[in-house]
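Working notes, structure below.
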There are 2 protein chains.
Amino acid sequence: MSASKRDILVRGAMNVFYREGFNATGMDKLAKETGVSKMTMYKHFRSKEDLILAALRLRDDEFLSSFTRLVEEGAKTPKGRLLGVFDALADWIEGRDFYSCMFIKATSEYQSPEHPIHVASAEHKRKVLAFIQGLAGEAGAKNPKLLARQLFMLTEGETVTAFILGKSGVAADAKAAAKVLIEAALPGQNT
Amino acid sequence: MSASKRDILVRGAMNVFYREGFNATGMDKLAKETGVSKMTMYKHFRSKEDLILAALRLRDDEFLSSFTRLVEEGAKTPKGRLLGVFDALADWIEGRDFYSCMFIKATSEYQSPEHPIHVASAEHKRKVLAFIQGLAGEAGAKNPKLLARQLFMLTEGETVTAFILGKSGVAADAKAAAKVLIEAALPGQNT
DNA sequence: TCTTATATTTACTGATCAGTATATTAATAA
DNA sequence: TTATTAATATACTGATCAGTAAATATAAGA
């Protein structure tokens, strides 16, 4: 009951923060949008910052689990999964609920590297990077860490570019680049 | 005199907006920081939005001119300049005044694609992309547009990654990726 | 039934937001 | 000197910000 109200609040906050930004979203608006009264909000979270952190945590959970599942179900070979990262990303970007990356936007508003919101965003990104690095290792890359970092940068650039310049063609171009990088990073095979 | 006050204001606003964000920076703070009184600010700009647009215009001018000059003076061959993009980027990222990209952050706070601030940011990015595309064409890439979009995405990802996960190694990894992409996109040569 | 504890709502706090009206200063012109 | 004009500073507007105190409704226990 009380837990459910909390969940409604966090999920609603996550959506509004994602679409409209953090500084731009007031607590009153959140109360109205989620149907949870302000006092109840402050019973569950001591501050707006705490609520933002909870929203980011939810996003982190849901994004990573659906993203990794999509990649792991999408291809059988490690190399196929490595490339599949860019198919999963394409799905997300080309969907109707894409408004860039919530964590990139969070660091844009909370810039200090020590700020808890910045830290939480960095942790999320490190998880994504670690997932890619795992795939690169399984695929037998000569330097899995390097390849993972390069592919990760490509995903970040793809996300930002799709948001600023428009989605059209971006995912395909990024996937083509990924293919080149992956081929070059795996020990000689003529495929 | 009056023009100079305007310049002081715009430059000061640019710096504060860059370091601390747009929504997080109030007009009072800007007045105090630049030494230009609020009334004078509003004599030169009708609104905060207009001042932000002026600050972005200044940034666009200065960033692009110094960036393109750096690239063009840094290497003689077109192919060298294409790779030199990533040296220029490394200089910027590893400098002490790097707080990610002002335009990426601007679109994070003004998300609607129709918003003038979002539009101005997109125009800046299109200029950067066009510059890279020019280099790719001169270098004789098979598909200059594709290569430019891929390298552009890599620069965006590099910038964001350096800001969120830290600068260490990012520029070198991105440059190595760029080298692979460039080699693959230029018609056969054994170098 | 009455009592007590808990949720929730309403109404508020002081601070700050963007933007402006008024007062004051400074400079020029005669 | 005095009149006029332009630039600046002070002080304000109503709106909204994050956060809270007091009042009301609800529930459970006896």
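So you know, we letter chains A, B, ... as the sequences are listed, proteins then strands, and number each from 1.
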Integer-rounded Å distance: dG19(C) C1' and H44(B) NE2: 16 Å
If the threshold is 4.0 Å, N to carboxylate O, is there a salt bridge linking E20(B) and K29(B)? yes
Taking dA18(D), dT8(C), dT20(C) as options, the one with an atom nearest any side-chain atom of K38(B) is dT20(C)
Rounded to the Å, how far apart are K48(B) NZ and dT16(D) P? 15 Å
From dT8(D), dA7(C), dA22(D), pick the nucleotide closest to the side chain of M39(A)? dA22(D)
Checking dC17(D), dA18(C), dT8(D) against the side chain of K5(B) (C-beta onward), the nearest is dT8(D)
Ring centres of Y99(A) and Y18(A) under 6.0 Å apart? yes
To the nearest angstrom, how far is K43(B) atom NZ from dG19(C) atom P? 16 Å
So what does M27(A) hit on the nucleic acid, given a heavy-atom distance under 4.0 Å: a base, only sugar-phosphate, or nothing? sugar-phosphate
For atom CG of N23(B) and atom C1' of dT16(D), their distance in whole Å: 13 Å
Thinking salt bridges, do E109(A) and K105(B) make one under a 4.0 Å N-O criterion? no
What contact category does T40(B) fall into here, base, sugar-phosphate, or nothing, at under 4.0 angstrom with non-hydrogen atoms? sugar-phosphate
Could you tell me if the side chain of F103(B) sits less than 4.5 Å from the side chain of D60(B), heavy atoms only? yes
Please state how far atom CE in M41(A) lies from atom C1' in dC17(D), giving the value in whole angstrom units. 13 Å
Using whole Å, what does the distance between atom P of nucleotide dC17(C) and atom OH of Y42(B) come to? 11 Å
In terms of heavy-atom contacts, does NZ of K142(A) have more than 12 from other residues, nucleotides or ligands at under 6.0 Å? yes
By nearest atom, which of the nucleotides dA21(D), dC17(C), dA9(D) is closest to the D28(B) side chain? dC17(C)
In whole angstroms, the gap separating P of dT10(D) from NZ of K32(B) amounts to 13 Å
In whole Å, I'd like the distance from the CG atom of L30(A) to the P atom of dG19(D). 12 Å
